[in-house]
Structures are given as structure tokens and as C-alpha cells.
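Keep in mind it's a predicted model, so treat the numbers as computed, not measured.
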Amino acid sequence: MSRLTLASDLFALAASASVTFGLRHILVYFFAGLVPGWAKLEKSKQQRVAVEVATLPARIFVGFVTLPIVVTAYTPIQTWRPEDSRACLLACSISTGAYLMDLTMPRSSKLSTLHNYMPLALLVLLRVCASSGTPADTLMCRCVAAAIFFGASVGGTATIGLTFCFHCRDAWARSTSTEPLKNGYRAYKALLLVLSVVTIIGHYHCAMFMHWWLVEGHVRFGAWVYVLFGWTLLDLSLEVWFLWWFHTYEPRYKAKVGQRSVGVVTPPGTCLELPGWRVMGLRGVFGTWLVLMLSFVWRSVFGYGIRL
């Protein structure tokens, strides 16, 4: 690793972290005058929402950087250019900076925390194993680009919208008007559909990529190719956890009547159920994806004599 290239990684990481940090503090005050009921949210939720939205510029940027690599994932390895390797390293550095700022907020889920360490792990992996700028970088960089594009960029942007609606729903329910809550519900359903579609496409892309480059990958990495593919799948699979986590939009909060607490209250007319296709559709599509993955394992073991 040359000092110049390592320094460029650190510079991009620091720049991304600084922008995210500054935006977080600006957005807390910006949302106070824009979002109905913002003052009624707990301070921790305000910070949680603000830091999530502050990562949007980084997510959009890495999406543009990695999209050309995802689109050309099935082209011959000889078409790889040094610029593609640098683009992957830049995308990982930018994602790492934004995600590290996101980690400054307390999280109750270990899976969510693990997801935020992924860009850093991918950056180290690329810098150590795939930073030569030659066609030897191709397969690993294409795997990483897919994980960043479908996971951190497009899927992550939809998740931010879901997080915003999810944390603000209680404040909207306390509002004198029901319009903010209902508008948030419409956005919530649309974003849930986007996250579902992106997660499914990302998984199918990764599975088909493994089928396409199985032999070449085994020649390049040996049995380690399964670790590379598995790592990419793990990062994408964490998006599935988000789909199950956003299981309800129904606002719930504690309220008091006189001197006693009446427990969990759901305001009348605000019990908005999510569509039933969410569970059945995901089961059917991921069942199909499982068959595709099993066929990949079958092909690996019996088709080419490759042993796991």
C-alpha cells in the first residue's frame, strides 16, 4: 500500500465524516421548523433521525460511483480499468466516513451495528487484496460494488425514509391534524415497497453473479471465493432484517389521565395496517432465491468438481 493511496482513502473518509457530522447538527434545527410535532420527539430520536438523514449525500454519491460497475458486472474481466478500482475504494471510504458518524448514536440492535461496520471491513479488504488497478481486482471489486450499491446506497436511502416516518409517527399522532400521520403512512408503504424490490434485486444479482463467475472466481481465489460471495450476501441480507423490523406503522405512546398512566395508547383513526403482501410476497420471492442459491452449491460441488 503506497502512502499516497492510503492517504487518499483517509482523506475521503474524513471528508465524508465531517460533512455528515455538520449536517446532523444543522438538520436538528431545520426539522424543528419543518416537521410537525418535532419538539414532541425525544432528544435521542431527534438525533437518531438527523444523523440518518445526514448520511444521504454520502449514500447518493456512492450510488453514482458504483452504478457503472454494477451495470457492467457481466462484461469480460479484461475490460476492467484502474479507474474502476479507484472508484470502489472511494465508495468504500465515503461510506465508511458516513457510517462511523452514524455509529456515534446509541443503537439497541447488534445487527444494525454490524451493518454499519461493513463499509470499513470492505475498505480494508479492498485495500489489502484488490487495489492493484489491474484485471485481478475485477471480481472482488464487483462484489463489493454490488453490496454498496444495493445495500448502502439505494436500499439505505429507502431505509432512511422509513426510519424518519417510523420515529416521527408518534409525534404526528399527537398533532391536531391527522394529515401528517396519513401522509407519512403513504410514504411508509411506498418506501417499504422500494426497499423490498431493491433487496430482492440485490440478492438475485449476487446469486446470478456467483453463477456467472464461479469458475473464474475459483481460479483466482480458490476456495476463498465462497468467503467473498458469502460476505457480500451477508451484507445484503442485513437489509432483510430491516424489512422485518419495520413491521408496523401504528403509533403507540404512553399517556396519563389525571395522576395515573393509562399505558399504551393508540389514537382513534390512526391504526394504519401495513399491506398483507409484505409477508407473503417476501416469503415467495426469497424461497425462489433459496432455490437459486442451492443450485449454485450443486453446480459448485457436482458440476465442476469444486469442493466447498
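At least one side-chain heavy atom of Leu100 sits less than 4.5 Å from a side-chain heavy atom of Leu13. Considering only heavy atoms from C-beta on, Thr20 stays 4.5 Å or farther from Asp102 through its side chain. Counting heavy atoms from C-beta outward, Asp9 and Arg127 have side chains that approach closer than 4.5 Å. Put simply, the side chain of Thr138 does not reach to within 4.5 Å of the side chain of Trp213, judged on heavy atoms.
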Note to self: Run the side chain to side chain contact (heavy atoms under 4.5 Å, CB included) test on Tyr99 and Met118 for me, step by step, so that the C-alpha distance in whole Å, both residues' side-chain angles and the decisive distance to 0.1 Å come before the verdict.
What the structure shows: CA-CA 9 Å; Tyr99 275 47; Met118 277 294 183; over 6 Å; no
Next item on the list: Give the intermediate values and the outcome of side chain to side chain contact (heavy atoms under 4.5 Å, CB included) for residues Phe21 and Val51.
Entry: CA-CA 8 Å; Phe21 179 80; Val51 75; over 6 Å; no
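Between His25 and Phe30, the ring center distance fails the sub-6.0 Å criterion.
Linking ILVMFWY side-chain heavy atoms closer than 4.5 Å, directly or via other members, places Ile201 and Val194 in a single hydrophobic cluster. In this structure, Leu126 is a member of the same hydrophobic cluster as Tyr117, with clusters built from ILVMFWY side-chain heavy atoms closer than 4.5 Å. Under a hydrophobic clustering in which Ile, Leu, Val, Met, Phe, Trp and Tyr are joined whenever their side-chain heavy atoms come within less than 4.5 Å, directly or via other members, Phe64 and Leu122 fall into different clusters. Under a hydrophobic-cluster definition in which Ile, Leu, Val, Met, Phe, Trp and Tyr are linked whenever side-chain heavy atoms come within less than 4.5 Å, directly or via other members, Leu191 and Tyr188 are assigned to the same cluster. Hydrophobic clustering, with ILVMFWY side chains joined whenever heavy atoms are under 4.5 angstrom apart, keeps Met101 apart from Leu56.
Under the 3.5 Å distance criterion, the side-chain polar atoms of Ser16 are matched with a main-chain donor or acceptor of Ala98.
For Ala54 against Pro57, the heavy-atom pair with the smallest separation is O-CD, 3.3 Å. Considering every non-hydrogen atom in both Phe209 and Tyr74, the closest pair reads N-OH, 3.6 Å.
Judged as a side chain to side chain contact (heavy atoms under 4.5 Å, CB included), and not counting sequence neighbours, the contacts of Ala50 are Arg24, Leu27, Val28. By the side chain to side chain contact (heavy atoms under 4.5 Å, CB included) test, Ala136 pairs with Thr134, Arg220, sequence neighbours left out. Contacts of Val71 classified as side chain to side chain contact (heavy atoms under 4.5 Å, CB included), with partners at least two apart in sequence or in another chain: Leu67. Residues that satisfy the ring-ring contact (aromatic ring centres under 6.0 Å, His included) test with Phe31, not counting sequence neighbours, are Trp38, Phe164.
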Residues 85-93 side chain polar contacts: donor-acceptor under 3.5 Å, at least two apart:
residue	atom	partner	partner atom	Å
Ser85	OG	Trp80	NE1	2.9
Ser85	OG	Asp137	OD2	2.8
Ser93	OG	Leu89	O	2.9

Only distances under 3.5 Å count here; give the side-chain donor-acceptor pairs of residues 141-154 to other protein atoms, sequence neighbours excluded, each with its distance to 0.1 Å.
residue	atom	partner	partner atom	Å
Arg142	NH1	Ala73	O	3.0
Arg142	NH1	Thr75	O	3.0
Arg142	NH2	Thr72	O	3.2
Arg142	NH2	Thr75	O	3.4
Arg142	NH2	Thr75	OG1	2.9
Ser153	OG	Arg59	O	2.8
Ser153	OG	Gly63	N	3.4

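Taking OG1 of Thr157 as the reference point, atom CG of Leu195 lies at 10.5 Å (rounded to 0.5 Å). To the nearest 0.5 Å, atoms NZ (Lys43) and CD (Gln46) are separated by 4.5 Å. Taken to the nearest 0.5 Å, the CD1 atom of Ile94 stands 13.0 Å off from the CD1 atom of Ile60. For the atom pair CD of Glu52 and CD1 of Ile160, the computed distance is 5.5 Å after rounding to the nearest 0.5 Å.
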